[in-house]
There are 2 protein chains.
Amino acid sequence: MKIKDIASLTGLSVATISRVMNNHPNVSPETREKVETAIAETGYVPNFLGRNLRVSKTHKILIILPTAGNPFYSEILEAIQEQANHSEYTILIGVTNEDPTLENKYMEMLTTKQVDGAITFLSKYDKYALTQWASQYPLVQCCEYTEGAKITNISVDNEQGAYDAVSYLIRKGHTRIGAIRGQLYFASESDRTAGYKRALEQAGIKYRPEYCHIADYTPEGGYRGAKALMALEEPPTAIFGYGDTISIGVIKALSEMGKIKIGRTDGVRNVAVIGFDDIQLSGMLSPTLSTVYQPKYELGKKSFRLLMDQINKGSENKECYSIKLMHKLVIRESSEL
Amino acid sequence: MKIKDIASLTGLSVATISRVMNNHPNVSPETREKVETAIAETGYVPNFLGRNLRVSKTHKILIILPTAGNPFYSEILEAIQEQANHSEYTILIGVTNEDPTLENKYMEMLTTKQVDGAITFLSKYDKYALTQWASQYPLVQCCEYTEGAKITNISVDNEQGAYDAVSYLIRKGHTRIGAIRGQLYFASESDRTAGYKRALEQAGIKYRPEYCHIADYTPEGGYRGAKALMALEEPPTAIFGYGDTISIGVIKALSEMGKIKIGRTDGVRNVAVIGFDDIQLSGMLSPTLSTVYQPKYELGKKSFRLLMDQINKGSENKECYSIKLMHKLVIRESSEL
DNA sequence: AATGGGGTTGTAAACGATTACAATTCCATT
DNA sequence: AATGGAATTGTAATCGTTTACAACCCCATT
């Protein structure tokens with residue numbers, strides 16, 4: 001069942017059928033009526049392969065994620081989805097697992113016209129390559145940025161967020177503050193490390209490399225990281241996790257070791273924990289997790305909007321925006337016990 | 001830059017270029033060489049819109065999810081992604097939020113040839129409509145099934161899983177067992193309820209409707225559900241959550257109310273909690289969550305394989321399979337304190 | 001009655017690839 | 001030298017739409 005069939009069925013031309021399908025104004029009410037009943041009777045739906053080729057649009061956008069498991073991304077994704085549902089766009093998801101081959105494969109979907117644009121959550125691109133991509137295709141970078149690349153990006157101020165978190169711990173009297181960071185893969189990470197160091201420095205605390213542990217952005221990573229930190233000769237009295245998923249594991253490890261206890265009465269001091277992201281789960285842990293809030297809904301919504309602007313604008317006027325949204329330190333129990 | 005450009009550049013015909021692109025055997029080594037260098041020099045990549053129309057394939061498959069936030073789905077998705085990465089297929093994700101309009105919109109992507117097949121995680125379809133879809137397009141139903149529909153589906157035995165969990169609680173001496181279920185939307189839910197009832201009945205415990213609370217599949221849902229159950233005149237001594245995300249909230253609520261305490265010494269009996277799914281987080285809670293394990297990796301992998309079989313098989317031989325994978329009761333701390 | 005113009009419809013050329021089928025070349029065989 | 005057949009290449013149709021342009025009809029105006 002194709003447009004031609006409807007044409008012969010109604011005795012009209014394919015052009016007219018097409019006009020009805022696309023709500024073109026110049027169709028007489030009678031023919032429109034006739035065509036619509038024919039469509040309804042036959043259950044005809046247009047083939048997008050033909051349409052897409054003709055108009056050179058796919059109405060699909062690609063979301064490139066480093067990993068599928070992190071709830072932080074899921075929550076942003078949810079916001080993007082919501083926006084997409086209100087538009088005529090469908091989202092496609094590509095997970096790279098930090099495999100450069102896959103990263104390229106997904107970017108190539110732009111050149112091969114499989115998608116109209118992309119939102120990437122990666123940052124370790126070559127800045128020249130990235131600028132090149134961004135100049136040719138609708139593309140926005142979310143939660144990350146690549147130093148020196150000309151591309152629209154949107155994120156929080158990770159340096160300041162980390163600074164705020166660590167400064168808070170210092171104000172609470174901590175001087176031995178551990179950190180559990182990711183695999184050095186993201187710009188957001190370097191920034192958080194910079195903020196961590198700045199806070200220490202400002203308080204006159206010297207930075208100790210052994211306090212900065214490298215792990216996955218997973219509870220398991222945080223769990224192992226915390227165990228390692230606490231095994232040091234002089235273990236930290238507070239641990240800053242670079243993601244809530246990490247801090248979940250930190251809390252688990254500390255609880256297990258008796259370094260965290262709710263309603264403690266034995267006089268021992270609990271190890272303080274602070275995270276980053278503020279995923280939904282954070283309020284549901286015991287103890288609830290203090291963390292740096294990222295406006296995930298806005299990050300997702302705005303990314304989508306920025307991408308749509310680029311898509312609709314066409315190739316002229318290719319200016320790039322670099323947008324910072326506000327983070328917020330959220331104090332719950334884990335830093336207060 | 002299109003195939004024609006490469007053709008004129010090399011002085012060959014488009015057919016030959018196409019043959020080189022698709023590794024057809026009948027191309028002389030010299031021309032192949034010549035074409036390949038031309039392609040490399042110009043950076044030509046084929047336009048998939050043209051190709052897709054011609055071969056009537058998109059190399060995309062759609063995953064239809066009820067919600068984006070549940071880590072249970074994320075973990076299955078991860079498995080599907082892994083499979084897809086090894087194939088030439090890309091996955092597209094549609095989240096319905098239980099909006100029937102969206103459900104239809106996504107299913108229509110099959111008829112409009114936007115995707116080659118779909119994996120759906122929904123169950124409340126009209127069985128005739130679903131049979132109709134499944135007979136016309138590659139389609140598999142994952143984690144759910146629709147009674148009476150002819151469609152390939154794969155899931156665990158939810159009835160037996162719930163039965164095992166509740167029976168275990170009964171063996172541990174509990175007789176007042178609460179349940180927190182979802183919004184009556186999934187077949188898996190009805191099945192779990194059936195298993196819950198069967199276990200009670202077999203032990204001679206009468207089913208009390210007020211013990212069966214309805215909530216969202218979220219920590220917040222579980223949190224509120226647990227508070228409601230504990231507010232009953234005769235509160236339950238154990239709570240079975242229909243998903244780990246629910247049970248996370250249950251644990252939170254109970255901890256807050258002092259109904260769960262790790263290393264309790266006051267002689268009070270803790271309320272037991274058990275979940276369903278076994279998401280990665282479950283081992284990272286305090287207390288760790290006892291639950292019914294679902295083989296998420298296999299569910300994802302097998303779904304993808306089953307879909308590929310259908311896609312590759314074409315329209316002939318449309319037989320449906322109904323596959324049950326094994327669940328497993330995983331006992332951790334939350335049921336043992 | 002001729003003219004002009006708005007509204008409606010049709011004709012046919014795209015879009016960029018793949019692929020039957022036909023045509024050509026090249027060699028070995030007779 | 002003529003023939004046949006395999007290997008290679010080219011021609012042109014095709015996939016299902018959209019859309020510029022042409023064509024037509026109908027009616028009001030002159």
Side-chain angles (χ1 to χ4, degrees), chain A residues 1-36 38-39 42-60 88 108-116 137 314-315, chain B residues 1-36 38-39 42-60 88 108-116 137 314-315:
Chain A
M1 180 62 53
K2 43 187 176 175
I3 203 171
K4 230 177 185 170
D5 299 328
I6 303 291
S8 33
L9 212 66
T10 54
L12 294 160
S13 73
V14 291
T16 304
I17 312 300
S18 176
R19 287 195 195 94
V20 172
M21 295 293 306
N22 294 287
N23 290 315
H24 275 265
N26 291 341
V27 180
S28 77
E30 305 88 59
T31 28
R32 164 156 287 143
E33 169 76 15
K34 186 158 60 167
V35 172
E36 274 170 351
I39 288 174
T42 58
Y44 163 74
V45 285
N47 180 318
F48 274 63
L49 295 175
R51 169 182 296 184
N52 288 347
L53 172 58
R54 182 53 227 247
V55 302
S56 200
K57 275 202 151 219
T58 63
H59 291 285
K60 292 180 181 47
E88 51 188 351
E108 289 252 301
M109 293 182 72
L110 288 168
T111 66
T112 56
K113 302 284 160 57
Q114 299 189 71
V115 294
D116 295 344
Y137 305 99
S315 42
Chain B
M1 182 61 55
K2 43 188 178 176
I3 201 170
K4 229 175 185 171
D5 299 327
I6 303 292
S8 34
L9 211 68
T10 53
L12 294 160
S13 72
V14 291
T16 304
I17 313 299
S18 175
R19 282 192 275 262
V20 171
M21 297 291 307
N22 295 285
N23 289 316
H24 275 265
N26 291 340
V27 180
S28 78
E30 303 87 60
T31 30
R32 162 156 288 142
E33 170 76 14
K34 184 159 57 164
V35 172
E36 274 168 353
I39 288 174
T42 58
Y44 163 74
V45 285
N47 179 318
F48 274 62
L49 295 175
R51 170 183 292 184
N52 287 347
L53 172 60
R54 181 57 227 247
V55 303
S56 199
K57 275 201 152 218
T58 64
H59 292 287
K60 292 180 180 49
E88 52 187 350
E108 290 252 300
M109 293 182 71
L110 288 167
T111 67
T112 56
K113 302 283 161 58
Q114 300 191 69
V115 294
D116 294 345
Y137 305 99
S315 43

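Here is the naming used below: chain letters follow the sequence lines, and residue numbers restart at 1 for every chain. It should be emphasised that the depicted structure is a prediction, and the values quoted were computed from it without experimental measurement. Note that these values count all heavy atoms, side chains included, but never hydrogens, waters or copies made by symmetry.
- Chain A approaches DNA chain C within less than 4.0 angstrom (heavy atoms of the protein), and the contacting nucleotides run 5' to 3' from C/dT8 to C/dG16.
- Listed by chain and number, the residues in a side chain to side chain contact (heavy atoms under 4.5 Å, CB included) with A/Glu108 are A/Thr111, B/Val45 (sequence neighbours excluded).
- Under the rule for a side chain to side chain donor-acceptor pair (under 3.5 Å), the partners of A/Lys57 that lie at least two apart in sequence or sit in another chain are A/Tyr89.
- The stretch residues 6-34 of chain B touches DNA chain C through B/Ala15, B/Ser18, B/Asn22, each having a heavy atom under 4.0 angstrom from the strand.
- In summary, the side chains of A/Thr58 and A/Asn52 do not present any donor paired with an acceptor at a separation below 3.5 Å, with no hydrogens or angles considered.
- Residues satisfying the side chain to side chain contact (heavy atoms under 4.5 Å, CB included) criterion with A/Thr42, sequence neighbours excluded, are A/Met1, A/Ile6, A/Leu9, A/Tyr44.
- Over its length, the helix from C/dA1-D/dT30 to C/dT30-D/dA1 turns its helix axis by 70°, as judged from the five terminal pairs at each end, rounded to 10°.
- Applying the side chain to side chain contact (heavy atoms under 4.5 Å, CB included) test to A/Val27 and every residue at least two apart in sequence or in another chain returns A/Arg19, A/Val20, A/Thr31, A/Arg32.
- B/Leu53 pairs by the side chain to side chain contact (heavy atoms under 4.5 Å, CB included) definition with A/Leu49, A/Leu53, not counting sequence neighbours.
- The heavy-atom pair separating B/Leu110 from B/Asp116 by the smallest distance is CD2-C, 4.4 Å.
- Contacts between residues 44-52 of chain B and DNA chain C, defined by a heavy-atom separation under 4.0 Å, are made by B/Tyr44, B/Pro46, B/Asn47, B/Gly50, B/Arg51.
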inquiry  = What verdict does the side-chain contact (heavy atoms from CB on, under 4.5 Å) test give for B/Met109 and B/Lys60, after you've listed the backbone C-alpha separation in whole Å, the side-chain angles of each residue and the deciding distance to 0.1 Å?
reply    = CA-CA 11 Å; B/Met109 293 182 71; B/Lys60 292 180 180 49; over 6 Å; no
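- In plain terms, the two heavy atoms of A/Ser13 and A/Ala7 that are nearest each other are C-CB, 3.9 Å.
- Although no hydrogens or angles enter the test, the distance criterion places no donor-acceptor pair under 3.5 Å between the side chain of A/Thr112 and the main chain of B/Pro46.
- Residue-to-nucleotide proximity on DNA chain C shows that, of B/Ile3 and A/Arg54, the 5′-proximal contact is made by A/Arg54.
- Under the side chain to side chain donor-acceptor pair (under 3.5 Å) criterion, B/Asn22 pairs with B/Ser18, sequence neighbours left out.
- For A/Ser56, there are no side chain to side chain donor-acceptor pair (under 3.5 Å) partners, not counting sequence neighbours.
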